[in-house]
Amino acid sequence: MAEDKKGAQALSSNSSQSATSQETSSAATTTRRSAGRQTSRATTTRTAKTRSTTKSAAKTASKTTRRTRAAKPAATVDFHHGEVPAQTLPVTDPAQFGRIAVMDITPNEESGRYPARVELGEPFTVTAQVFIEGRTKVGATAVLRNHRGKEMARVPMTCTNPGLDRWQATLAAGEHSDLKPWEDGFAAIKRQLGEWTVTIEGWEDTYTSWLHDAAIKVKVGDDVENALETGSNLLARWAKTKDAGLNAAQRKELAEAAATMADKTLDAKDRLAAATSETVTGLHATNPLRDGISPSQPQRFLVQRPKSSFAAWYQFFPRSEGAYVDPTTGKIVQGTLKTSVTGLERAKAEGFDIVYLPPIFPIGVTNRKGKNNTLVAGPDDPGSPFGIGSELGGHDTVDPLLGDMDDFKALTAKAHELGLEIALDFALQCSPDHPWVKAHPEWFRHKPDGSIAFAENPPKKYQDIYPIDFNADMPGIEKEVERVMELWIEAGVTIFRVDNPHTKPVRFWQDVIAAVTKRHPEVLFLAEAFTRPGMMRALSYVGFTQSHCYFPWRNTKKELAEYFEETNGDDGYYQHNTFWPTTPDILTAYVRDNGIAGHAVRAVLAAMGSPSWGIYNGFELIENRQRPGFEEQIDNEKYEIKVRNWSDAGKYGIAELLTNLNRIRREHVSLFGYHNLTVLETSDPNILAFARHTPAELTGTGKPETLIVVVNLDGHDAHQSMVHVELPDFGIDPARGAHVRDELTGREFDWSWDNFVSLAPWADVAHILTVEY
C-alpha cells in the first residue's frame with residue numbers, strides 16, 4: 001500500500017495523544033473545554049492499555065480490564081452550535097466495542113494464543129473489519145510496536161473491500177539484515193527479536209464524511225452556508241489537533257483554508273475549493289483528523305532473526321563425504337568430519353546457506369540394522385545413525401569414527417568462514433546401548449516381564465531403537481535435552497532439525513524450545529513431521545520455525561496450485577513449510593519416473609515456490625532408484641556409506657541449475673516471503689504459472705519487483721499454454737505491457753495480459769521471468 005513516508009513519520013508517535021482530537025474551536029464554551037479535559041484523561045487511561053506489550057492473549061485481557069476499570073465515562077460535550085465530533089470511549093473489557101467497531105483482525109489463529117511469525121524486516125499484511133453506523137465514513141491505522149512497547153511505525157490502512165468493510169496495511173518489523181549469528185553486529189539484531197504487536201485503530205473520518213455532503217450541497221445550492229461553516233470549523237479544529245502530528249507550516253495551511261471557507265464574500269465554490277486543495281487532501285492522506293479513535297486489542301507477532309524463513313538447505317552424511325574404496329582391501333573407508341569440508345565447499349558453490357548433518361553421535365551395536373534396513377548387519381555395516389548411543393556415549397558425544405568435538409568445532413568454524421550455518425539432526429531416540437538406558441531406565445517403557453519395549457508401528461518393528469517414554473519423568477528428560485542442546489550450540493550449531501517430533505508430546509517441545517530460545521533467540525528448529533495437519537500446526541505454534549511438509553506428494557497442476565496458495569497464504573504466518581524434492585526417507589514416483597527433467601522441475605518448484613527449500617545430496621547425480629515397494633532410495637545412505645563420483649555432476653546440469661536458482665533467490669530476496677505468491681491462470685493442464693510480487697514501497701528501491709515462474713510439469717513431452725497476467729495487480733501499466741527477462745537463459749520477451757508459452761523438457765522445463773519496471 002503506497003504511503004508518503006515523510007507524512008507517515010509526521011503522524012503522532014503516541015496514541016495517548018488521541019484525546020486531543022476532541023479539542024474545541026474558539027467558539028466552544030468553558031463547559032466544553034472542561035469536558036474535553038475529562039475525555040483526555042479517560043483516553044490516556046485507555047492508551048496505557050493499548051501500549052502495553054503482552055505475553056499472552058489472556059494476560060492482555062487481564063491488563064486491559066485492570067488498567068481501564070477506573071476510567072471515567074466520556075464527558076458529554078455541549079455545543080452551542082455545530083456538530084459534535086466522535087468521542088474516544090473508554091473500554092473496560094476486551095469484548096467491548098469502542099466508538100468505531102474493529103473486528104476480525106488477520107492473521108489471528110487460535111484466538112491469538114499463538115503469535116504470528118515473521119522474519120525481521122519481512123513485509124507482512126494485516127487486515128481488519130472497521131466500520132461505524134449509518135453513512136459516516138471511517139479510516140483505520142495500523143500501529144506497530146516492538147517487544148519493549150516502543151512505537152516503530154504508524155501506517156494508514158486502505159479499504160480493499162468497502163462492501164465488507166475490509167481494511168489492509170502492509171508493515172515490516174525492523175529492517176532486513178544478512179548478518180549471521182556469529183558475525184560482528186549480530187548483538188544489535190538479537191536485541192530486536194521477540195514479540196511485537198500491531199494495534200488497529202479505527203476512527204471516524206469526519207473530513208471525508210463532511211466533504212461528501214458539502215460538495216453535493218454546494219453544487220445544488222442547498223443549505224450551503226451551514227455546510228461551509230461546518231467545514232471551516234472542522235479545518236480549524238484539525239489544525240489544532242495534536243494527534244494529527246502537524247508541523248507549523250501544515251497548521252498554518254489548514255488555518256488559512258479554514259479562514260477562506262469562512263469568508264462569506266467569496267463564491268461558495270471557491271470557499272469549498274480551499275478544503276479540497278492538493279495540500280489539504282494530501283494532509284488527509286498522511287496526517288488525518290481522527291475522531292473517536294478506537295484501538296483494537298494488540299495482535300502479537302513473533303519477530304525472528306534473519307534467515308529464519310528465507311533459507312536454502314543442503315544435506316549430506318559426513319561419513320560418506322570423502323569416503324573411498326581401499327584398492328588393497330576392496331573395503332570402503334568412511335569419511336570424517338575433516339573430510340566433510342568438501343561437502344561444505346560444494347554447498348557453498350551451489351549457493352546454499354545451511355548445511356544439515358544427520359546425527360553424528362555413536363551408533364549402537366545391539367540389533368544394528370544392515371544394508372537396506374535388513375535386520376542383521378554384516379561385519380562392515382556401519383548401522384543407522386538414528387540408532388543413537390553406545391558404550392562410547394550418547395547425544396552429547398561425537399562418534400569417534402567421525403572425529404571428536406574439536407573436529408566438529410573446526411567444521412563449524414570452517415562453515416562460518418564460508419558463510420554457512422550448521423544444522424544438526426536431533427533424533428530423540430536411543431539404541432539399546434545408549435547410556436541413558438542404564439542411567440535412567442525410567443525414561444523407557446517396560447513390558448510386564450521387565451524388558452524394555454523397542455519401537456514399533458505394528459506390523460513394523462524397529463529393534464535397534466528404544467523410544468523414550470515421557471510419562472514417568474518429562475521434566476527430567478526436558479532438562480537433559482536442554483543440556484545437550486546447549487552443548488551443541490556452544491560448538492557452533494544454530495539450527496536443530498528434529499527427527500519425528502510428532503511422536504513426542506507437543507508440550508515437551510513447547511517447554512524445551514522456550515527454554516533454549518530464551519537464552520538463544522537466534523537458534524531455529526525444523527520439524528521433520530510428515531503427519532496430520534493438526535499436529536504439524538501445533539508444532540509450529542510451540543516454536544518450530546520451519547517444517548517439512550507434503551510438497552513431495554503434490555505433483556499435478558491442481559495439487560500444486562492449491563498447495564502453493566495454502567503455504568503462501570495466512571497459514572504461512574504460523575507454519576513455515578520447507579520444500580524438499582527428496583530426502584533420505586522420500587523418493588517419490590514422480591522423481592523416479594521423470595529423469596533429469598523431473599529433477600529440474602522439482603528443483604524449480606521447490607526453490608521458487610517456498611522461501612525455504614532444501615536438497616539432499618545425490619540429487620545432482622540423479623540418484624532416483626527406488627527400493628522395491630517403498631518410497632525411498634535403494635541402497636539407502638541411512639544404512640550404508642556412499643562412495644560418489646562428484647565429477648559426474650556436470651553431465652546432468654542439475655548442479656548448475658541449483659546454483660542458478662539460489663542466485664536468483666539471493667538477487668530477489670524481497671520476493672521470497674510466505675505471503676506474496678499468486679497462482680496465474682494457464683490454459684494447459686501441464687503448465688503451472690505463478691508470480692511473486694512486492695510493491696514499490698516495500699522493496700527499498702522505489703520500484704516494484706516481480707518474478708513470473710512458468711513450469712512444464714511433464715518430464716517427457718512439450719506443452720504450450722496461454723498464461724494470463726492481471727497486469728495492474730503487479731504494478732504493470734496495461735498500456736505499455738511488461739518487458740521480461742528469463743533469469744535462466746537470458747532471453748527477453750514482451751508480455752501483456754495473455755501470453756503464449758512453449759516449454760519442452762529436453763530444452764527448457766521452466767521460465768523464471770523478471771519483470772523490468
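Counting begins at 1 with the first residue of the sequence. From a predicted model like this one, the values you see are computed outputs, not experimental measurements.
No side-chain heavy atom of I468 sits less than 4.5 Å from a side-chain heavy atom of Q429.
Pairs of residues two or more places apart, or lying in two chains, that qualify as salt bridge (Lys or Arg N to Asp or Glu O under 4.0 Å) and include a residue from residues 344-366 are E321-R346. Within the structure, salt bridge (Lys or Arg N to Asp or Glu O under 4.0 Å) contacts touching residues 657-667 (residues at least two apart or in different chains) are R663-E667, R663-E743.
Both tests do not hold together for R554 against Y590: distance to the six-membered ring centre under 6.0 Å, angle to the ring axis within 45°.
In summary, the aromatic rings of W580 and F619 are positioned with their centroids too far apart to meet the 6.0 Å limit. Taking the six-membered ring for Trp, F564 and F579 have ring centres closer than 6.0 Å. Under the 6.0 Å cut-off for aromatic ring centres, H599 and Y652 do not qualify, their centroids lying 6.0 Å or more apart.
Taking both residues in full, the closest heavy atoms of S320 and R644 are given as CB-NH1, 4.3 Å, listed atom of the first, atom of the second, then distance. Taking both residues in full, the closest heavy atoms of L539 and A529 are given as CD1-CB, 3.9 Å, listed atom of the first, atom of the second, then distance.
In the model, Y356 has a side-chain atom that pairs as donor or acceptor with a side-chain atom of D425 under 3.5 Å.
Only one option out of F551, W553, Y550 pairs with F530 in a ring pair (Phe, Tyr, Trp, His ring centres under 6.0 Å); it is W553.
Note: F361 and W488 have tilted aromatic rings, judged against thresholds of 30 and 60 degrees for the angle between ring planes. Note on ring orientation: taking the six-membered ring where Trp is involved, the planes of W436 and H434 are tilted (angle from 30° to 60°).
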Can you give me every donor-acceptor pair (side chain of residues 505-512, partner residue at least two apart or in another chain, under 3.5 Å) with its distance?
| from | atom 1 | to | atom 2 | distance (Å) |
| --- | --- | --- | --- | --- |
| R507 | NE | D511 | OD1 | 2.8 |
| R507 | NE | D511 | OD2 | 3.1 |
| W509 | NE1 | P501 | O | 3.0 |

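Between the N660 side chain and the L657 main chain, no donor and acceptor come within less than 3.5 Å of each other.
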